[in-house]
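So the structure is just underneath, and the comments pick up after that.
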2 protein chains.
Amino acid sequence: MNPGVTSLDVARLARVSQSAVSRAFTPGRSVSAETRRRIMEAARALGYRPNAHARSLITGRSRIIGLVLSYLENLFYPVALEALARRLQRDGHHVLLFVNQHPNADDLVDEILQYHVDGIVLAASTLSSGLAQQCADAGIPVVLFNRVMAAGAAGAVSSVRSDNEGGGRALARFLAAAGHRRIAFIAGNEESSTNLERERGFRDGLAAAGLRIWARGVGNYDFDTARRAALEMFARPADRPDAVFVASDHMAFAVMDALRLELGLSIPDQVSVVGFDNVPQAAWGSYRLTTYEQPVAPMIEATVGLLERYLAGAGVPAAENVVVPGALVVRDSARQAPAGAAPARAPGRRRPPARGGRA
Amino acid sequence: MNPGVTSLDVARLARVSQSAVSRAFTPGRSVSAETRRRIMEAARALGYRPNAHARSLITGRSRIIGLVLSYLENLFYPVALEALARRLQRDGHHVLLFVNQHPNADDLVDEILQYHVDGIVLAASTLSSGLAQQCADAGIPVVLFNRVMAAGAAGAVSSVRSDNEGGGRALARFLAAAGHRRIAFIAGNEESSTNLERERGFRDGLAAAGLRIWARGVGNYDFDTARRAALEMFARPADRPDAVFVASDHMAFAVMDALRLELGLSIPDQVSVVGFDNVPQAAWGSYRLTTYEQPVAPMIEATVGLLERYLAGAGVPAAENVVVPGALVVRDSARQAPAGAAPARAPGRRRPPARGGRA
DNA sequence: CTAGTATTTGCATACGTATGCAACGCGCGC
DNA sequence: GCGCGCGTTGCATACGTATGCAAATACTAG
C-alpha cells in the first residue's frame, strides 16, 4: 500500500534522517554509497515513492508541461502530441493536457497556472493570443507550436514552426513547373498564422512564375467545410481550376474525395491536388498526396530545447522564433513537370530535417 | 507576476485571515458574502491563484487523472482522448499523459504514482496487465478503457469497453446474409482482449450461419502489417476470399487500399470489407467503410462515471466491467443482402448510444 | 430584552519534502 | 602530531494550503 508511506518512514527503517532519504532520491546530492544502498532497500521494502506535489511545493518546479490543443481529428496533432510526450518523458517531465473550449479561454489560463507548470506548449493553429500573453506575464515560459504571435505583441513568447512560407512557395513552383495555369487555393483558418504564411508564400511563388491565384475558397481547417469549398469552387466546368493547393493535408483528403467521387474528376489527370503537413495518411494508397512536410521530430526537438533552456537558466530569456525547414514530398496527386525541366521526383526519403535558424 | 503571491498576501490585502481566503476558494465552505467579495477583489488585484500542489498535499486529491496510451496513429485513441479530457475538465479534473514505452513498464508505474493521481485510465489495447495491477494495489482506482484483464487476475481493476463480441457477431451475420461464403478475418494484436472478443463473436456468428473462417491473417493493429497480411491472403486468385472482416478500421483502410490499388480488386463487387471502431475516416468518401461503431461518448461517460464514483466514496469498491452497446454502421464497402432478406440499410444516424450494463 | 442557536472567523497545526547550516568524521600533507 | 579541507549527516525550517477547534458574531424565538 503505497499512499501513506513517507520519506520519514523510510528514514526510520533505514536508521537515517529524513534528509538523508531526500538526498538519496535527488541526483547530485552527497550521500555515501552505503547509506544510499540502505535507504533504497528500505524504500523498496515499503514501496515508497517521493510525493511529486510536496517536492514541487519546495523546489518550485513541477516537472509538468502544460499542453493546450483544440482539435485532434487532424492527425498532425496527435502525432506531435505523442512525440512531445515521449520526448519529455525521457527527461522526467510529463504532459498535462488542456483542451481549448472556445468561450472560456480565461478559465483555461486560471487552470493552467494553478498547476504551476514549468512551461506551456500551445499547439493549436487557431488560439487567442491573449492566452499566451497571460501565461508569459505570469512568468511561465510559453512556446507556440506551429503558430506565431501577431507581429505587434512580442512579449516573452517563443515559437516553433516549419517553413510555412517556403513551403507555400515550393508548392507554387512545383505546380507552375508542371504547366498548370489555373491554380486555386483553399485556405485554412484565415486568421491563423499558418494559413497567412502558407498563402503568402504560395502567392509569391505563383507571382515568380507570372501567375496569380485563379480561385480561392476557405476550408477553415475543417474536413467538411473544405469539402463544401471544393464543391463550390469546381461547380462550373468552364473556368474550373486545373490545380489546387489545400492548406492542410487533412482538408486535402476531403477535397480529393469530393473531386473524385462527387464530381467525377480524375486526379492528377484533370486536376492536381497538393497539401501541407505530410500526415501519415498522405502516404496511404487512396491519396498518395503530394505535400510539404512539417518535420515533427525536429520541431518537437526544438520545442523541448527551448523549454529546457528556460528551465536551466532562471528567468525567461528573450523570445526566439525557430523555423524548422521542411521538404517537398512528391507523390501522385499532382501532375509533374516533364522530365528535365523541374526538380526531380524524390523517390524515397527526403533530405534530412535540420535544426532551424531564428527569425 | 503570479508566482510568489500566496493566500497570505491576499489575506493581508483583504484584512482577513489566511483561512478565510482558503475558504473563499473552496466551494461549500462557510464565508459571508461580504468577506468573499473583499477576498475575491484582493485576489484579482494581485493575480492570485491557489497552488494546486499545496492544495493536493493537504487534501490528498490532485484532481489529476493519469492516462496511459501507446499508439496515437489510430484515430480512435485521439478522439477518445479529446473526449476524455473535455469531460474531465468540466469537473475541474485534468489529464496527465503517459506514453507507454514498451521495455520499462515498471518505471511508468513509478512515475504515475509519484504524481498521486486520483485515478488512472489505461487506454491501450495492448498493455501489460501488471501495470494495472500494481496501480490498483497502490490504492488508486484504475479503469481499463477498451480492454479487460485476463479472466484470472480480477483485482480492483474496472473496465469499460464496447460490445466487441456482439459486434463481431453482427458483422458475421451481415456478411453471411449478403451471401458471402468465403469469409476471411484479419486479426489485430492476437493477445489483446479486443481482438479475442471480436474474433470469438465473429466465429460464433459465422457458425450460426453454418460457416467457418475461410482464411486468417494477422495485422497486429498496425497499418503496414495489415497491408501485408491482406496481400498475402489474396495472393492466389483460386481460393480468394469474397469478404474480409478486419479487426479495426485503421487496418481496414490499409486492406482496402491494398486490395483495390495493388491487386486491382473492386470493393464491394469482388470483395466486401468490414471494420471495427467507426473512426471518423470510415465515413470518408474513399472508404465508406461498413463497420461496427464503438460509441466514444458513452464509453467516456461510463469511464468518468466509474472514476467519480470512486472519488466520491472513499476506498475502492468492487471492480465493475461495463459493456457499452455499439451499433452496426452500414456504408458501401460491403455487399448487402438482397432487399427484404436481412437487416435494412441504415441511411443516416444509427440508434442513439445508450449507457451500458455490467458483465 | 434575553437566551439560545446558527453562522462566520481566526488560530494553530499538518501535509511531505528540500535545503542552509553546523557538526562530525576522515584522510592528507606538513 | 596537528591543522586543514572535504565529504556526510542531522537539525530545523520553509513551501502554500486546508481544516478542527474555539471564540466571536449575527440572528431567531420567546
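Throughout, protein chains are lettered first and strands after them, A, B, ... in sequence-line order, and every chain is numbered starting at 1.
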Open item on the list: A side-chain contact here means heavy atoms from C-beta on lying under 4.5 Å apart; do A/F98 and A/L69 qualify?
Closed with: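 A/F98 does not reach A/L69 side chain to side chain.
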Task: Nearest-nucleotide 5' precedence on DNA chain C, A/S7 against A/R23 - done: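 The answer here is A/S7.
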- [ ] Report the residue (B/A33 or B/A54) whose heavy-atom-nearest nucleotide on DNA chain C is the more 5′ of the two.
- [x]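 Its nucleotide being nearer the 5' end, the pick is B/A33.
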Indicate, with a heavy-atom threshold strictly under 4.0 Å, whether [X] touches base, sugar-phosphate, or nothing.
| X | answer |
| --- | --- |
| A/S22 | base |
| B/S56 | nothing |
| B/V21 | nothing |
| B/S19 | base |

Task: Carboxylate-amine/guanidinium proximity below 4.0 Å for B/E41 and B/R44 - done: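 No.
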Open item on the list: Please evaluate residues B/D118 and B/Y310 with respect to the criterion side chain to side chain donor-acceptor pair (under 3.5 Å), reporting the C-alpha separation (whole Å), side-chain torsions for both, the decisive distance (0.1 Å), and the verdict.
Closed with: CA-CA 9 Å; B/D118 289 345; B/Y310 290 160; over 6 Å; no
TODO: Using the side-chain hydrogen bond (donor to acceptor under 3.5 Å, both in side chains) rule, pick out the option among A/H94, A/R49, A/R63 that qualifies with B/E111.
DONE: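 Testing each of A/H94, A/R49, A/R63 against B/E111, the sole residue satisfying side-chain hydrogen bond (donor to acceptor under 3.5 Å, both in side chains) is A/H94.
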Open item on the list: Can you tell me how far apart CG (B/L306) and CD (B/E301) are? Round to the nearest 0.5 Å.
Closed with: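 B/L306 atom CG to B/E301 atom CD measures 11.0 Å (nearest 0.5 Å).
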Task: Nearest atoms (heavy-atom pairs only) where B/A14 meets B/R38 - done: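 Closest approach of B/A14 to B/R38: O-NH2, 2.9 Å.
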Open item on the list: Pairing donors with acceptors under 3.5 angstrom, does anything connect the side chains of B/S22 and B/S19?
Closed with: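 Looking only at side-chain atoms, B/S19 and B/S22 do not form any donor-acceptor pair under 3.5 Å.
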- [ ] Indicate whether any N or O donor in one side chain lies under 3.5 Å from an N or O acceptor in the other, for B/Y115 and A/N51.
- [x]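 Short answer, no.
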Open item on the list: Between P on D/dT25 and CD on B/E34, what's the gap in Å once rounded to a whole number?
Closed with: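 Interatomic distance, CD of B/E34 to P of D/dT25: 16 Å.
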Task: Side-chain donor/acceptor contact of A/R29 with base of D/dG7 under 3.5 Å - done: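 Between D/dG7 and A/R29, which were checked side chain against base, a qualifying N/O pair under 3.5 Å is absent.
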Task: Opening and closing nucleotides of DNA chain C in contact with chain B, under 4.0 Å to non-hydrogen atoms - done: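 Listed 5' to 3', the contact boundaries are C/dT8 to C/dG16.
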- [ ] Apply side-chain contact (heavy atoms from CB on, under 4.5 Å) to A/L88 and list each qualifying residue two or more places apart in sequence or on a separate chain.
- [x]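 Residues passing side-chain contact (heavy atoms from CB on, under 4.5 Å) with A/L88: A/I65, A/L84, A/H93, A/V95, A/V304.
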Open item on the list: Could you work out how much the helix from C/dC1-D/dG30 to C/dC30-D/dG1 bends, comparing the axis of its first five pairs with that of its last five, to 10°?
Closed with: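 Axis angle across the helix from C/dC1-D/dG30 to C/dC30-D/dG1, nearest 10°: 30°.
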